[in-house]
Amino acid sequence: QASAATGRCAFERPPPGRRGSAVAMGAVFCPMHDHPTEVGELRTNVSDAKTAGTSAQPVQPVQVAAQPPPPASWDPIDAQGCDPELLVLSAIQTFAPSGLRRYLQRKAQVTGFQCFDYTPHPSGGFRINVPSHALTIDTELSDERKAKIAEASLDESTVVLVKVISGAALATVEAGDGDRTRLRMVKKIEVEED
């Protein structure tokens, strides 16, 4: 802050004749050291005279990649044919959205292994466990859950059981415009945990 009366920065050293006041830390870095300012005005330490003779390069706008258009339709697909990493991401987005950033940061930090455990079932399905988020995705469903799926008129191959701390639910796996790289999960039926 500059003083209107003295024209000096509040963090600037006092003149040599004034003793007894401590020098504030950072006094050498005050941006208004060379130029006094009026109240409410902020100046940098580069004068207009210094920059008047130079030709400044125009600032180039940053090119941002265009976002792909949203899918026209979301179609249920077979969960067993999907990439496990994409299933984990879509489950976190749906059931624990606040943990997505943490998962992506963790994934970026590790090399040589995955942030989840993939266990295949003898029946051809799988179980994915994400310990850091207390999340489990399972394709093996009990007879009681299969009855609920049939009652809701859902295709069993598109449904997975997702368990999180807050509970468990049956969810369908859907692909945007049939593209298996654009997945989402839709929570369909709340179920009791085993």
Side-chain angles (χ1 to χ4, degrees), residues 42 56-194:
L42 177 65
Q57 296 292 328
V59 177
Q60 298 294 326
V62 176
Q63 297 293 328
V64 178
Q67 292 287 337
S73 67
W74 289 96
D75 307 314
I77 58 168
D78 183 13
Q80 294 182 20
C82 296
D83 180 27
E85 182 69 40
L86 295 177
L87 285 172
V88 168
L89 288 172
S90 62
I92 290 174
Q93 283 178 326
T94 302
F95 294 95
S98 61
L100 183 61
R101 172 179 268 170
R102 183 169 46 104
Y103 179 81
L104 293 174
Q105 287 174 343
R106 180 179 168 91
K107 183 180 174 230
Q109 291 174 350
V110 299
T111 55
F113 65 93
Q114 298 170 328
C115 296
F116 58 88
D117 301 323
Y118 181 89
T119 308
H121 291 307
S123 63
F126 57 83
R127 178 185 183 109
I128 300 173
N129 185 25
V130 186
S132 62
H133 288 68
L135 172 80
T136 303
I137 305 167
D138 201 344
T139 58
E140 192 169 272
L141 306 169
S142 66
D143 291 334
E144 177 186 331
R145 292 184 177 138
K146 287 180 184 179
K148 288 184 179 186
I149 292 170
E151 190 177 298
S153 301
L154 300 171
D155 183 9
E156 189 179 319
S157 67
T158 66
V159 178
V160 292
L161 172 65
V162 180
K163 295 179 185 177
V164 289
I165 292 175
S166 59
L170 296 172
T172 57
V173 179
E174 297 179 351
D177 295 330
D179 183 5
R180 289 183 182 270
T181 62
R182 298 178 81 179
L183 297 181
R184 77 174 183 180
M185 283 193 188
V186 179
K187 184 186 217 179
K188 294 292 184 178
I189 305 167
E190 293 273 341
V191 294
E192 294 292 322
E193 287 194 53
D194 294 335

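Heads up: numbering here begins at 1 and tracks the sequence. Treat the numbers as computed from the prediction; the structure is a model and nothing was measured.
What you find for P69 and R182 is that their closest heavy atoms are O-NH2, 3.1 Å. Closest heavy-atom contact between T139 and G125: OG1-CA, 3.1 Å. When every heavy atom of V130 is checked against every heavy atom of C115, the shortest pair comes out as CG1-O, 3.9 Å. What you find for L161 and A168 is that their closest heavy atoms are CD1-CB, 4.3 Å. Counting all heavy atoms, side chain and backbone alike, E85 lies closest to F116 at OE1-CE2, 3.0 Å. Contact record, A169 with F95: CB-CE2, 4.0 Å, taken as the closest heavy-atom pair.
Donor-acceptor pairing under 3.5 Å is recorded for the side chains of D179 and T181.
Looking at D83 and L183, their side chains never come closer than 4.5 Å, going by heavy atoms from C-beta outward. Contact of the L100 side chain with the L89 side chain is registered, since non-hydrogen atoms from C-beta on lie closer than 4.5 Å. Within the 4.5 Å cutoff, the side chain of V159 has no heavy atoms near those of the K188 side chain. Residues D138 and K163 have side chains not in contact (no heavy-atom distance under 4.5 Å, counting atoms from C-beta outward). Residues L87 and V160 have side chains not in contact (no heavy-atom distance under 4.5 Å, counting atoms from C-beta outward).
Screening residues 131-161 for ring pair (Phe, Tyr, Trp, His ring centres under 6.0 Å) gives Y103-H133 as the qualifying pairs, with residues at least two apart or on separate chains. Contacts classified as side-chain hydrogen bond (donor to acceptor under 3.5 Å, both in side chains) and involving residues 141-162 (residues at least two apart or in different chains) are given here: R145-D194, D155-S157.
Side chain of D177 to backbone of P71: no donor-acceptor contact under 3.5 angstrom is found. Looking only at distances, no side-chain donor or acceptor of T94 sits under 3.5 Å from a matching main-chain atom of A91.
Looking at residues two or more places apart in sequence or on another chain, you find a side-chain contact (heavy atoms from CB on, under 4.5 Å) between P131 and D117, N129.
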